[in-house]
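Single-structure report; data block below.
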Amino acid sequence: MTKIEIQDAVQEIFCDVFDDAELVITNETTANDIEDWDSLTQIRLTVAIEKFFKIKFAFGELSSLKNVGEMLEVIARKVNLK
């Protein structure tokens with residue numbers, strides 16, 4: 001799976017989880033940039049990503065990431081290791 005395909009899929013997941021078809025994420029997007037991104041939404045987002053890509057994040061793995069770009073890198077590593 002290419003980085004573009006991963007980014008496109010994550011974009012759709014974000015739109016679905018945040019129920020906002022107009023939401024656009026970039027590599028620099030952080031939780032502070034999206035009004036409704038709280039701890040509950042983080043869990044929903046994590047579960048949706050794990051389910052779509054058939055991967056698992058280690059406990060606390062996502063909490064150390066600075067932005068969506070770093071999240072995409074982690075997803076790419078996990079997807080391409082399968």
**Complete:** The reported gap from CG in D20 to CD in E35 (rounded to nearest 0.5 angstrom) is 10.5 Å
**Prompt:** Which heavy atom of C15 sits nearest a heavy atom of A21, and at what distance?
**Reply:** SG-O, 4.0 Å
**Asked** With a 4.5 Å limit on heavy-atom distance, are the side chains of K78 and E61 in contact?
**Response** yes
**Message:** To check you understand the geometry: which heavy-atom pair defines the closest contact between A9 and F52, and what is its length?
**Reply:** CB-CE2, 3.4 Å
**Request:** Could you grab the distance from atom OG1 of T41 to atom CG of D19, nearest 0.5 Å is fine?
**Result:** 11.0 Å
**Message:** Tell me whether D16 contacts the main-chain N or O of E12 through its side chain, where contact means a donor paired with an acceptor under 3.5 Å.
**Reply:** no
**Asked** Just by modelled atom types, is the R77 backbone N or O under 3.5 Å from a matching donor or acceptor in the N80 side chain?
**Response** no
**Message:** Is any side-chain heavy atom of I49 closer than 4.5 Å to one of F57?
**Reply:** yes
**Fill in**
Tested for side-chain contact (heavy atoms from CB on, under 4.5 Å) against V79, the lone hit among V74, I55, T2 is I55
**Asked** Taking side chain as C-beta onward, heavy atoms only, is V10 less than 4.5 Å from F53?
**Response** yes
**Message:** Using only atom types and a distance under 3.5 Å, with no angle test, would you say the side chain of E70 pairs donor to acceptor with the backbone of K66?
**Reply:** yes
**Message:** Determine whether a donor-acceptor pair (N or O, by modelled atom type, separation under 3.5 Å) exists between the side chain of E28 and the backbone of N67.
**Reply:** no
**Request:** Apply the side-chain contact (heavy atoms from CB on, under 4.5 Å) test between V68 and each candidate in I34, T30, D33, T29; give the one that qualifies.
**Result:** T29
**Message:** Could you measure the distance from the CE atom of M1 to the CG atom of D8? Nearest 0.5 Å is fine.
**Reply:** 9.0 Å
**Item:** Side chain to side chain, M71 and I75, heavy atoms closer than 4.5 Å
**Value:** yes
**Message:** Looking at Q11 and L23, would you say the former's side chain and the latter's main chain have a donor-acceptor pair under 3.5 Å?
**Reply:** yes
**Item:** Option among I25, I6, L65 that satisfies the side-chain contact (heavy atoms from CB on, under 4.5 Å) test with L72
**Value:** I6
**Asked** Heavy-atom count around I4 CD1 within 6.0 Å, excluding the residue itself: above 12?
**Response** no
